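Step one of this worksheet: look at the structure below.
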Protein chains: 2
Amino acid sequence: MPERIMPSSDYQKCLEFHGHECPGLAIGFRAAKACLDWLKEKRAEDEELVAIVETDACGADAVQVLTGCTFGKGNFLFRDYGKQAFTLFGRRSGRGVRVCLRPGALEPAARHRQLMERIQRNQATREEREEFGRIHRERAREILEKPLEELFTLKEIFQVFPAKAMIEPSKQCQVCGEPAKASKIQIQDGKEICRSCLGE
Amino acid sequence: MPERIMPSSDYQKCLEFHGHECPGLAIGFRAAKACLDWLKEKRAEDEELVAIVETDACGADAVQVLTGCTFGKGNFLFRDYGKQAFTLFGRRSGRGVRVCLRPGALEPAARHRQLMERIQRNQATREEREEFGRIHRERAREILEKPLEELFTLKEIFQVFPAKAMIEPSKQCQVCGEPAKASKIQIQDGKEICRSCLGE
């Protein structure tokens with residue numbers, strides 16, 4: 001039986017954070033929920049969970065909101081593979097689960113794509129923009145209602161994570177004078193220089 | 001006159017997203033507010049704003065929540081300089097502002113650091129953990145109340161941003177069978193292979 005997921009308050013939180021409803025956010029929402037359910041975990045207050053996201057597209061925002069693995073907390077790892085794939089680990093157990101969108105899980109939707117391209121080239125009429133918004137939201141809702149097993153493959157994974165990062169002192173760059181983490185400062189010609197002044 | 005910033009609903013949103021109160025989050029909160037005020041902008045629903053963060057520490061989460069420039073939306077750029085520095089741009093105007101923590105803006109707080117190290121080595125007593133939590137929150141509140149000009153340097157910046165990313169088709173990796181963005185697939189020995197299978 002397909003599990004029917006209505007726009008819940010969790011989904012509303014994702015929408016509020018991300019700013020708009022779209023298919024990618026819905027994929028991330030289903031993925032994050034699936035991982036949390038599978039691991040029987042709740043949102044990480046601190047760093048109890050670790051997420052690996054293989055995309056920097058919309059779905060990553062739902063993962064941040066739902067799992068509490070956020071870019072600024074050190075428990076959100078990005079691998080630039082361009083895949084709609086998300087892994088969640090319990091830091092203590094090292095037990096994790098990876099979900100990845102199945103090939104062909106989403107219908108091609110040629111009209112959706114055509115409209116997006118017209119919008120991005122600034123050629124779309126107001127009506128076309130509205131049509132695009134409708135299709136965009138409809139596709140998101142379809143994803144919310146699809147049975148999980150039609151959307152994703154799922155695999156158990158074990159991985160040991162290092163201890164949480166230590167607080168690190170900062171040093172002042174001898175070129176720009178700004179403070180930077182000591183480990184990001186390099187010595188060049190006897191001067192302590194930050195990465196931006198080194199042009200990295 | 002120092003502007004007194006009480007824990008507002010915006011700050012609460014940052015706390016809820018990040019999961020705990022800490023000095024880094026407070027720095028990001030003040031920085032993001034300062035940038036939005038200076039640019040006279042509101043939170044980006046879509047990609048009206050672009051943020052550049054020079055740290056992946058806690059403050060980056062406040063920037064995501066307040067500015068609407070989020071990791072998953074394509075308007076959040078990370079430069080790994082280890083600096084408490086944040087830049088916000090209006091995409092149309094290209095007009096931006098960068099704020100960077102001043103050297104010495106925060107008192108050294110030896111006790112705070114000592115406790116953090118004991119906690120991270122699992123040597124802290126319950127009382128020490130509680131003391132740490134208190135100092136952590138006190139320091140955050142101090143940052144919320146400090147005059148902006150004592151915290152940050154501020155600089156106007158202009159930069160032109162490329163158009164928003166186009167939707168990209170995906171291809172199926174011929175090794176693992178998973179779909180990935182076409183631009184992340186490489187051909188090796190006549191096969192189309194994704195980055196994870198290539199071991200990148």
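All values reported here derive from a predicted model rather than from experimental measurement. Throughout, protein chains are lettered first and strands after them, A, B, ... in sequence-line order, and every chain is numbered starting at 1.
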Exercise for review: Measure B:Arg43 against the heavy atoms of chain A and call it side chain, backbone, both or neither at under 4.5 Å.
Suggested key: side chain

Review point. Considering only heavy atoms, which portion of B:Cys58 lies under 4.5 Å from any heavy atom of chain A: side chain, backbone, both, or neither?
Key: both

Check your understanding: Hey, does the side chain of B:Arg95 reach the backbone of B:Leu39 with a donor-acceptor pair shorter than 3.5 angstrom?
Key -> no

Check your understanding: With respect to chain B, which residue among A:His18, A:Glu54, A:Lys181 yields the maximal number of heavy-atom pairs within a distance under 4.5 Å?
Key -> A:His18

Point to revise | Engaged part of B:Gln172 at the chain A interface, taking heavy atoms whose separation is under 4.5 Å | key: side chain

Exercise for review: May I ask you to name which of A:Ala180, A:Ala60, A:Cys22 has the most heavy-atom pairs under 4.5 Å with chain B?
Suggested key: A:Ala180

Point to revise | Contact class of A:Val63 relative to chain B, heavy atoms under 4.5 angstrom | key: neither

Practice item. Could you tell me which non-hydrogen atom of B:Ala32 sits nearest to which non-hydrogen atom of B:Thr67, and how far apart they are? Key: CB-CG2, 4.0 Å

Review point. Is it the side chain or the backbone of A:Ser183 that comes within 4.5 Å of chain B heavy atoms, both, or neither?
Key: neither

Point to revise | Region of A:Cys194 in contact with chain B, defined by heavy-atom distances below 4.5 Å | key: side chain

Check your understanding: Counting distance only, does the side-chain N/O of B:Asn75 pair as donor-acceptor with the main-chain N or O of B:Glu47 below 3.5 Å?
Key -> no

Revision key, fill the gap. Whatever's closer than 4.5 Å to a heavy atom in chain B on A:Cys197 counts as neither

Point to revise | Which of A:Lys13, A:Glu45, A:His20, A:Lys73 touches chain B most, by non-hydrogen pairs under 4.5 Å | key: A:Lys73

Exercise for review: Measure the spacing between CD of A:Glu48 and SG of A:Cys69 and express it to the nearest 0.5 Å.
Suggested key: 9.0 Å

Exercise for review: Could you give me the CA-CA distance, side-chain angles and deciding distance for A:Arg102 and A:Phe152, then say whether side chain to side chain contact (heavy atoms under 4.5 Å, CB included) is met?
Suggested key: CA-CA 5 Å; A:Arg102 284 187 189 276; A:Phe152 301 117; 5.6 Å; no

**Study point:** B:Lys184 side-chain N/O to A:Lys83 backbone N/O, donor-acceptor pair under 3.5 Å
**Key:** no

Exercise for review: Just give me the residue among B:Ser196, B:Gly177, B:Cys100 that pairs up with chain A most often, heavy atom to heavy atom, under 4.5 Å.
Suggested key: B:Ser196

Check your understanding: Do B:Phe71 and A:Phe78 have ring centroids that are under 6.0 Å from one another?
Key -> yes

Exercise for review: Give, as side chain, backbone, both or neither, the part of B:Ser170 having an atom under 4.5 angstrom from any heavy atom of chain A.
Suggested key: neither

**Study point:** Cationic N near anionic O, under 4.0 Å, B:Glu21 to B:Arg139
**Key:** no

